[in-house]
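Read through the structure below, which is laid out as structure tokens, and then see the notes.
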There are 2 protein chains.
Amino acid sequence: MSAVDNKMDFDRFLKNFKKHISNLKLKNSLQKDYILKALYFEDEHLNAEEITAKVKNDYNIDIGIATVYRALKFFEDINIITSLDIGDGAKKYELNLSTHHDHMICTNCHKIIEFNDDFIEDSQVRIAKENGFLLKDHTMIIYGICEECQ
Amino acid sequence: MSAVDNKMDFDRFLKNFKKHISNLKLKNSLQKDYILKALYFEDEHLNAEEITAKVKNDYNIDIGIATVYRALKFFEDINIITSLDIGDGAKKYELNLSTHHDHMICTNCHKIIEFNDDFIEDSQVRIAKENGFLLKDHTMIIYGICEECQ
DNA sequence: CTAGTTGCAAATGCTTTGCACAGGA
DNA sequence: TCCTGTGCAAAGCATTTGCAACTAG
């Protein structure tokens with residue numbers, strides 16, 4: 001995908017987001033826009049500190065880490081981002097752009113690989129049903145050693 | 001299972017544990033014994049603070065929370081306990097008594113249900129292989145609303 | 001004997017909160 | 001305007017670490 005497409009896509013994404021929170025009668029801000037931009041253009045999963053640094057340095061926006069944490073909680077509440085705790089200190093965050101996916105993490109270099117598996121999705125539905133649960137969501141993390149680290 | 005059986009089982013478990021760390025040329029302690037006892041006899045998944053309280057109050061053993069954290073890390077390293085982060089603050093810990101299992105959590109009452117699913121286990125092996133990962137472990141948490149809370 | 005363990009308290013690191021001010025609807 | 005969001009600094013919490021005393025092997 002070219003940089004131009006990427007930018008166009010982000011503009012569309014941002015427009016949808018603004019409409020969405022407008023419908024919810026919530027308030028937006030410059031800072032929130034740029035946090036989304038950071039998450040959109042960064043392939044890695046970012047934590048709060050990394051987002052703060054990126055918005056400050058790359059986009060030259062004045063922002064405090066408290067604002068980032070508040071915005072991330074806001075985004076998670078309205079379900080446009082997902083947080084991921086891989087157990088190495090700070091939580092990482094990612095946009096909910098595509099369908100649900102899970103994560104595989106290299107315990108050596110901490111690389112994160114996303115995967116989507118229909119069997120897992122189906123199993124989750126079945127297991128919830130078997131236990132009388134009303135399914136909401138699931139997270140699955142597979143730990144291993146990636147090809148390069150072996 | 002009766003209380004007597006339970007006690008016998010724990011005695012056997014503890015004896016095996018002592019032999020295990022003796023083989024590894026590691027050192028045991030009274031405190032570690034009682035942390036294992038707390039985990040063994042408590043059905044709930046306990047966090048560090050709860051373990052400390054139980055050892056202190058129920059078994060009248062002098063223990064500090066730092067020791068509990070250090071012991072838990074020790075146990076996790078030699079693979080006799082597993083930690084579980086359900087995202088509500090402190091990590092919870094459980095003994096590795098039976099085979100691997102995953103968790104389903106009620107987002108309303110925070111009840112934890114354990115389940116074991118062969119399809120999930122198989123999928124995990126297959127996904128790791130597909131991505132060239134050397135499989136080590138996985139965690140899966142299904143979130144939903146339990147029968148009573150619906 | 002001595003390396004690893006303990007309790008305590010202080011330190012750390014991530015996240016949240018109080019407050020006065022600024023800015024979006 | 002009004003209400004909510006913001007940056008800053010301080011507070012909060014779970015977890016870790018330094019240290020001197022202790023203890024299992």
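Everything numeric in this text was worked out from a predicted model, so none of it was measured. Below, chain A is the first sequence line, B the second, and so on; all start at residue 1. Basis for what follows: all heavy atoms, side chains included, without hydrogens, waters or symmetry-related copies.
In this view, A:Gln150 and A:Ile145, B:Leu134 satisfy the side chain to side chain contact (heavy atoms under 4.5 Å, CB included) rule, not counting sequence neighbours. Judged as a salt bridge (charged side-chain N to carboxylate O under 4.0 Å, His left out), and not counting sequence neighbours, B:Lys37 has no contacts. For the side chain to side chain donor-acceptor pair (under 3.5 Å) test, residues two or more places apart in sequence or in another chain that qualify with A:Asp11 are A:Lys7. Evaluation of the side chain to side chain contact (heavy atoms under 4.5 Å, CB included) rule for A:Arg126 yields A:Ser123, A:Glu130, B:Asp117, B:Phe119 as partners, not counting sequence neighbours.
Of the inter-residue distances, the one linking B:Leu24 atom CG with B:Leu26 atom CG reads 5.0 Å to the nearest 0.5 angstrom.
For residues 84-98 of chain B, the pairs satisfying side chain to side chain donor-acceptor pair (under 3.5 Å) are B:His45-B:Glu94, B:Thr82-B:Asn96, B:Glu94-B:His101, B:Glu94-B:His103, with sequence neighbours left out. Here salt bridge (Lys or Arg N to Asp or Glu O under 4.0 Å) pairs that include residues 64-83 of chain B, with residues two or more places apart or in two chains, number zero. The side chain to side chain donor-acceptor pair (under 3.5 Å) contacts involving residues 13-25 of chain A comprise A:Lys18-A:Asp33, where partners must be two or more places apart or lie in separate chains.
Atom P of nucleotide C:dT5 and atom NZ of B:Lys25 are separated by 15 Å, given to the nearest angstrom. Following rounding to the nearest Å, B:Asp33 (CG) and D:dA24 (C1') show an atom-to-atom distance of 12 Å. For the pair B:Lys92 NZ and D:dT15 P, the computed distance is 10 Å after rounding to whole Å. The separation between B:Phe75 atom CZ and C:dG4 atom C1' is 14 Å, rounded to whole Å. Between A:Leu36 atom CG and D:dG5 atom C1' the separation is 15 Å, expressed in whole Å. A:Leu72 has its CG atom 11 Å from the P atom of D:dT6, to the nearest Å. Between the P atom of D:dC8 and the CD atom of A:Gln31 lies a distance of 11 Å, rounded to the nearest Å. We find that CD of B:Glu76 is positioned 13 Å from C1' of D:dT15, with the value rounded to whole Å.
The residue A:Asp62 sits close only to the backbone: its heavy atoms come under 4.0 Å of sugar-phosphate atoms, none of a base. At a threshold of 4.0 angstrom between heavy atoms, the contacts of B:Lys32 are confined to the sugar-phosphate backbone, with no base atom among them.
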Table please: side-chain donor-acceptor pairs of residues 104-111 of chain A below 3.5 Å, with sequence neighbours left out.
{"residue": "A:Thr107", "atom": "OG1", "partner": "A:Gly144", "partner atom": "O", "Å": "3.4"}
{"residue": "A:Thr107", "atom": "OG1", "partner": "B:Lys136", "partner atom": "NZ", "Å": "3.3"}
{"residue": "A:Lys111", "atom": "NZ", "partner": "A:Glu148", "partner atom": "OE1", "Å": "2.5"}

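Using a 30° and 60° split on the angle between ring planes, B:Tyr40 and B:Phe13 fall in the tilted class, from 30° to 60°.
For the segment residues 84-91 of chain A, the set of residues with a heavy atom within less than 4.0 Å of an atom of DNA chain C comprises A:Ala90, A:Lys91, in numerical order.
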* Which nucleotides of nucleotides 16-25 of chain C have their base under 4.0 Å from a protein heavy atom (B), which only their sugar-phosphate (S), and which neither (-), written as one string 5' to 3'? -> BBB----BBS

Give each protein N/O atom lying under 3.5 Å from an N/O atom of nucleotides 10-12 of chain C, with the pair distance.
none

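Other members of the cluster containing B:Tyr69 are B:Ile65, with ILVMFWY side chains joined at under 4.5 Å, either directly or via other members.
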